[in-house]
Protein chains: 2
Amino acid sequence: MSKTKQTTKTDILKRTIPLFAQYGYDKVSMRQIAEAVGIKAASLYHHFPDKQALYIEALSLAFSNHADFMDESFVLQASPERRLRQLILGLCTLVNEDPDFSRLMQREIMDGDEKRLQFLADHVFGDFFRDMSELCLSMAPDKDPHLMSISVLGLVIYHFQISPIRFFLPGFQDSHNDSQVVAEHIFSLLKNTH
Amino acid sequence: MSKTKQTTKTDILKRTIPLFAQYGYDKVSMRQIAEAVGIKAASLYHHFPDKQALYIEALSLAFSNHADFMDESFVLQASPERRLRQLILGLCTLVNEDPDFSRLMQREIMDGDEKRLQFLADHVFGDFFRDMSELCLSMAPDKDPHLMSISVLGLVIYHFQISPIRFFLPGFQDSHNDSQVVAEHIFSLLKNTH
DNA sequence: GTCTATAAAGGGATAGAC
DNA sequence: GTCTATCCCTTTATAGAC
């Protein structure tokens, strides 16, 4: 059994996801990726035809990691109110504890081309968003479920998205970074909606 | 009176803002900026010491364009509810009609260093955010005004931020891109908060 | 599967003429 | 204030040995 380092595609992708998430596609060089993996840049081309392909696969892996959460957020049988509460907490936790995922998503929405966005909408978020819209409809039948779903996402995602500057804004407290505190705030803001 | 083209710093900055906003700092080259302005790249260095400085000044100009809105959003004397309604509509209109400003802001929050973020928080948004927090406090005295302000911003900004993918999500309608429709939705969502 | 070496292109920036 | 010409560096990507 040889001890030669046999890097797999997945090894590379796992090391690469945080780099793309933190710095963005352009600021990450093939050399930098290679260094993080522990090989030379040229060797990357044995696994991927080019940088774009590497990026796309990293993206797919980062997103597939969370398919479970999205599928399972709606299985539990409970009142709409309890389900919404649970969903918000789950979202807060996800977004708060996996910044890589959130940042990749944000970068894609900003800079992704139409084809990739359509793919994301159809195959990554489609079902999740549909379930969410149904939940919103049962919570607030007089409101546009699409707009409501966006609002819920916005309340959660934007809060953590602007964490870097939130710290400097008047009234900041440490507890504002806590998933549970934020989730409770957002839920209390939505539950009175009629 | 000579007809020689005498490009001013401001001319350059105005042409540059949309480029940085759309593509981001790295994807915009000095040659590309020069072409947009109508001069050669070397000439840019007569006006700015380097690319960073050009970017910072473009940023400042893009943000100063909206200082007025932020200062004036709270002058009118009316009930808190009417003031909130007006603020939300103003924000929606601003974010919807000047995508450059929103995108630059978003990019800064993602990739800006601590020093620049502190500057933004102190000198661009500080007073605005403080006024907003007071308004939130008078609307919902039992809620954390900092969290409430972030929530209002998130409801507005996130909605337009994800416009590129919103189009592909179930339930999308053209009216969801209309400032007034969105503002009304957000206000109706907040006005019942106790 | 990984390496060294290198090609080819594009980037930021400077020098000096006009 | 703008130009041409050029330097120097980094980047992506390929070729071919091991």
Side-chain angles (χ1 to χ4, degrees), chain A residues 1-61 104 107-108 110-113 115-116, chain B residues 1-61 104 107-108 110-113 115-116:
Chain A
M1 181 166 157
S2 145
K3 257 215 150 181
T4 310
K5 193 189 310 183
Q6 298 290 74
T7 311
T8 66
K9 285 180 71 161
T10 312
D11 291 335
I12 297 171
L13 295 174
K14 279 184 189 163
R15 298 272 189 180
T16 306
I17 288 170
L19 292 177
F20 280 137
Q22 176 151 28
Y23 303 110
Y25 183 81
D26 292 291
K27 286 204 201 69
V28 178
S29 70
M30 294 298 269
R31 285 174 179 77
Q32 196 178 344
I33 293 170
E35 193 181 7
V37 177
I39 58 178
K40 295 292 175 184
S43 306
L44 291 171
Y45 291 88
H46 174 77
H47 302 274
F48 306 92
D50 55 27
K51 189 184 176 184
Q52 273 285 342
L54 201 171
Y55 175 70
I56 300 286
E57 291 210 37
L59 214 56
S60 301
L61 183 59
L104 281 175
R107 294 193 186 280
E108 274 303 294
M110 282 199 89
D111 298 321
D113 59 31
K115 229 178 96 186
R116 286 219 297 270
Chain B
M1 179 166 156
S2 143
K3 257 214 149 184
T4 310
K5 192 188 314 185
Q6 298 290 72
T7 311
T8 67
K9 284 179 71 161
T10 311
D11 291 335
I12 296 171
L13 294 174
K14 279 185 189 162
R15 299 271 188 181
T16 307
I17 288 171
L19 291 178
F20 280 137
Q22 177 151 30
Y23 302 111
Y25 183 81
D26 293 291
K27 287 205 201 66
V28 178
S29 70
M30 294 299 272
R31 287 170 176 80
Q32 193 179 346
I33 294 170
E35 194 181 6
V37 177
I39 58 178
K40 295 293 176 183
S43 307
L44 292 171
Y45 291 87
H46 175 78
H47 301 275
F48 307 92
D50 54 26
K51 188 184 176 184
Q52 272 285 342
L54 201 170
Y55 175 70
I56 300 287
E57 291 210 37
L59 214 55
S60 301
L61 182 60
L104 282 175
R107 294 193 186 281
E108 274 301 295
M110 282 198 89
D111 298 322
D113 60 32
K115 228 178 97 186
R116 286 218 297 269

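Residue numbering restarts at 1 for every chain, and letters A, B, ... go by the order of the sequence lines.
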Handout entry: Interface residues of residues 44-52 of chain B with DNA chain C (non-hydrogen, below 4.0 angstrom)
Key = B:Tyr45, B:Asp50, B:Lys51

Short side-chain to backbone donor-acceptor contact, [X] and [Y], under 3.5 Å:
| X | Y | answer |
| --- | --- | --- |
| A:Asp11 | A:Thr8 | yes |
| A:Lys51 | A:Val28 | yes |
| A:Ser43 | A:Ile39 | no |

I need the [atom1]-[atom2] distance between [X] and [N], as an integer number of Å.
| X | N | atom1 | atom2 | answer |
| --- | --- | --- | --- | --- |
| A:Lys27 | D:dT10 | NZ | P | 17 Å |
| A:Met30 | C:dA9 | CE | P | 19 Å |
| B:Tyr23 | C:dG10 | OH | C1' | 17 Å |
| A:Tyr55 | D:dA13 | OH | C1' | 20 Å |
| B:Asp26 | D:dT11 | CG | P | 11 Å |

Handout entry: Exercise: identify the closest heavy-atom pair between A:Ile56 and A:Arg116
Key = CD1-CD, 3.4 Å

Exercise for the section: Classify the ring geometry between A:Phe20 and A:Tyr25 as parallel (under 30°), tilted (30 to 60°) or perpendicular (over 60°). Expected result: parallel

Handout entry: CZ/A:Arg15: more than 12 non-hydrogen atoms of other groups inside 6.0 Å
Key = no

Problem - CD/A:Glu35: more than 12 non-hydrogen atoms of other groups inside 6.0 Å - result: no

Pick out the pairs of N or O atoms, protein on one side and nucleotides 3-6 of chain D on the other, that lie under 3.5 Å.
| residue | atom | partner | partner atom | Å |
| --- | --- | --- | --- | --- |
| D:dC3 | OP2 | B:Lys40 | N | 2.4 |
| D:dC3 | OP2 | B:Ser43 | OG | 3.1 |

Problem - Pairs where residues 16-27 of chain A contributes a residue and the test salt bridge (Lys or Arg N to Asp or Glu O under 4.0 Å) is met, not counting sequence neighbours - result: A:Asp26-B:Lys27, A:Lys27-B:Asp26

Problem - Distance below 4.0 Å between A:Thr7 side-chain N/O and C:dT2 OP1 or OP2 - result: yes

